[in-house]
Amino acid sequence: MTITLYHNPRCSKSRQALALLEENGAEVKVRRYLDEPLSEAELRDLMSRLDADGERLVRTQEAEWQEVADTNLQDQEQVIAAIVRHPRLMERPIADDGKRAVIGRPPEDVLALLHARD
């Protein structure tokens, strides 16, 4: 089974999550979401597998947040629209096995996808 890692190589937590997955034998497909942003449909699909709400998914400390600060983080559609407009707002890393997705904060959280398969 392949795990897709929504990855920002400039982020130390994202690099750590990638290393952990690889060290544990996972087949990893890296998607650099800043270079290849997710569409509305892809975000909606990802969020359906993610055990997190908008408050965990959105990086409100990013400068781009000021442009969409009126976003209701409890409203999935508003969160999706904000991330589509500004992909940097999406928390990283996110590991997705197609059935379940987890935010790698801390990076070790991505290993839950491997243990779920055992």
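In this chain, residues are counted from 1 in sequence order.
- Val68 and Tyr33 end up in the same hydrophobic cluster when Ile, Leu, Val, Met, Phe, Trp and Tyr side chains are linked at under 4.5 Å.
- The NZ atom of Lys29 sits 11.5 Å away from the CG atom of Leu5 when rounded to the nearest 0.5 Å.
- Between Gln16 and Glu108, the side chains place no donor N or O within less than 3.5 Å of an acceptor N or O (distance only, hydrogens not considered).
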When you look at Ile80 and Met47, which way does the side-chain contact (heavy atoms from CB on, under 4.5 Å) test go after all the steps?
CA-CA 9 Å; Ile80 289 169; Met47 289 177 74; 3.5 Å; yes
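- Here the CE-CG distance, from Met1 to Leu113, works out to 9.0 Å after rounding to the nearest 0.5 Å.
- Taking the charged nitrogens against the carboxylate oxygens, Arg31 and Glu42 do have a contact shorter than 4.0 Å, which makes a salt bridge.
- Tested against Ser14, the residues Arg32, Arg105, Arg92, His7 include a single side chain to side chain donor-acceptor pair (under 3.5 Å) partner, His7.
- Side-chain contact between Leu57 and Val79: present, with at least one pair of heavy atoms (C-beta onward) separated by less than 4.5 Å.
- Atoms CG and CG, on Asn24 and Leu20 in that order, are 6.5 Å from each other to the nearest 0.5 Å.
- Within 6.0 Å of CG on Asp51 lie no more than 12 heavy atoms contributed by other residues, nucleotides or ligands.
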Kindly determine whether Leu43 and Val84 satisfy side-chain contact (heavy atoms from CB on, under 4.5 Å), including the steps that lead there.
CA-CA 8 Å; Leu43 272 168; Val84 165; 3.7 Å; yes
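- In terms of heavy atoms, Ala82 sits closest to Leu89 at O-CD1, 3.8 Å.
- Atoms CG and OG1, from Asp97 and Thr2 in turn, are 10.0 Å apart once rounded to the nearest 0.5 Å.
- Considering every non-hydrogen atom in both Ile3 and Ala95, the closest pair reads CG2-CB, 3.9 Å.
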For the pair Ile103 and Arg56, evaluate side-chain contact (heavy atoms from CB on, under 4.5 Å) and give the outcome as yes or no after the intermediate values.
CA-CA 8 Å; Ile103 296 174; Arg56 283 205 57 221; 3.7 Å; yes
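- Looking only at atom types and distance, the side chain of Gln78 has no donor-acceptor partner in the side chain of Thr71 under 3.5 Å away.
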Checking Tyr6 against Met90 for the side-chain contact (heavy atoms from CB on, under 4.5 Å) test, could you report, in this order, the C-alpha distance in whole Å, the side-chain angles of both residues, the deciding distance, and whether it holds?
CA-CA 9 Å; Tyr6 296 93; Met90 187 171 86; 3.9 Å; yes
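- Judged purely by atom type and a 3.5 angstrom limit, Arg88 has no side-chain atom pairing as donor or acceptor with the backbone of Glu62.
- Linking ILVMFWY residues whenever their side-chain heavy atoms come closer than 4.5 Å, directly or via other members, leaves Leu114 and Leu50 in distinct clusters.
- For the residue pair Glu67/His86, the side-chain donor-acceptor check at 3.5 Å is satisfied.
- Using a cut-off of 4.0 Å between Lys/Arg side-chain N and Asp/Glu carboxylate O, Arg85 and Glu64 are scored as not salt-bridged.
- Going from atom CZ of Arg44 over to atom CZ of Arg49 covers 13.0 Å, rounded to the nearest 0.5 Å.
- Atom CG of residue Asp45 and atom OG of residue Ser39 lie 9.0 Å apart, to the nearest 0.5 angstrom.
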